[in-house]
Amino acid sequence: QVQLAESGGGLVQAGGSMRLSCAVSGRAFSRYVMGWFRQAPGKEREFVAVVNKSGGFTQYADSVKGRFTISRDNTNNTVYLQMNSLKPDDTAVYYCAADESVFIRTIPREYDSWGQGTQVTVSS
């Protein structure tokens, strides 16, 4: 089992940028596919982005493609989500998650471990 801790959330104006970080501890970070998900009030948790174990492959939700970038640092056991051109619809609690599978997956229930989440609020 791994422990995940997100940071970097807060309040930003529409059009602004923010970078989220997720520090991972407990087991070898490079064993895990890492994903970012978000959950807005009254809505289900949804996929945002995923990066494979080496960092060489990424996949994004259509709603964030071209605006968000996921990356990982396997030396420092951290995954990042750079968010640009933020919109009020991006307001949510953002979670990082770890998956020990060999597959790239986008469904929340398929992930093994989760962080506590960090709030991102985008004002109009």
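Counting from 1, the numbers follow the sequence of the chain as shown. If you're wondering where the values come from, they're calculated on a predicted model, not measured in any experiment.
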Is it true that a side-chain atom of Ser124 and a backbone atom of Pro88 form a donor plus acceptor pair closer than 3.5 Å?
-> no
Check whether any side-chain N or O of Tyr32 sits under 3.5 Å from a backbone N or O of Ser101 as a donor-acceptor pair, and report yes or no.
-> no
Can you find a pair of side-chain heavy atoms, one from Arg72 and one from Phe29, that are under 4.5 Å apart?
-> yes
Would you confirm whether Asp90, through its side chain, and Lys87, through its main-chain N or O, come within 3.5 Å as a donor-acceptor pair?
-> yes
Find the distance between OH (Tyr94) and CZ (Phe68) and round it off to the nearest 0.5 Å.
-> 4.0 Å
Determine whether Thr118 and Val93 make a side-chain contact, defined as any pair of heavy atoms from C-beta on separated by less than 4.5 Å.
-> no
Identify whether Val79 and Leu4 are in the same connected component of the hydrophobic contact network (ILVMFWY, side-chain heavy atoms under 4.5 Å).
-> yes
Residues Gln119 and Ala92: closest non-hydrogen pair is NE2-O, 3.4 Å
So, Asp73 side chain and Thr75 main chain: donor-acceptor pair closer than 3.5 Å or not?
-> yes
Would a 4.5 Å heavy-atom cut-off, applied to side chains only, mark Glu6 and Tyr95 as touching?
-> yes
Taking the six-membered ring for Trp, are the ring centroids of Trp114 and Phe37 within less than 6.0 Å of each other?
-> yes
Side chain Thr91, main chain Asp89, donor-acceptor under 3.5 Å = no
Please confirm whether the backbone N or O of Ser63 pairs with a side-chain atom of Arg67, one donor and one acceptor, at under 3.5 Å?
-> yes
Non-hydrogen side-chain atoms of Val33 and Val51 separated by less than 4.5 Å = no
Spell out, as yes or no, whether a donor-acceptor pair under 3.5 Å connects the side chain of Arg105 to the backbone of Glu110.
-> yes
When Met83 is tested against each of Val48, Val120, Val64 for side-chain contact (heavy atoms from CB on, under 4.5 Å), which residue passes?
-> Val120
Taking the hydrophobic residues Ile, Leu, Val, Met, Phe, Trp and Tyr, and joining any pair whose side-chain heavy atoms are under 4.5 Å apart, which ones share a cluster with Val102?
-> Phe103
Would you name the heavy atoms of Pro108 and Arg45 that are closest together and state the gap between them?
-> CG-O, 3.8 Å
Rounded to the nearest 0.5 Å, how far does OG of Ser7 lie from CD of Gln116?
-> 8.5 Å
Rounded distance (nearest 0.5 Å) linking atom CZ of Arg31 with atom CG of Asp112 = 10.5 Å
Under 3.5 Å, which donor-acceptor pairs link side chains of residues 8-26 to any protein atom two or more places apart or in another chain?
| unit_1 | atom_1 | unit_2 | atom_2 | d |
| --- | --- | --- | --- | --- |
| Ser17 | OG | Asn84 | OD1 | 2.9 |

I would like to know whether Tyr80 and Ile70 meet side chain to side chain contact (heavy atoms under 4.5 Å, CB included); could you show each step before the answer?
-> CA-CA 6 Å; Tyr80 303 98; Ile70 187 171; over 6 Å; no
Contact summary for Phe47 and Thr106, nearest pair of heavy atoms | CB-O, 3.3 Å
Applying side-chain contact (heavy atoms from CB on, under 4.5 Å), name anything that partners Thr69, two or more places apart in sequence or on another chain.
-> Tyr60, Gln82
Distance, nearest 0.5 Å, that separates CD of Glu100 from NZ of Lys53 | 6.5 Å
Within-4.5 Å side-chain heavy-atom neighbours: Met34 and Asn52 = no
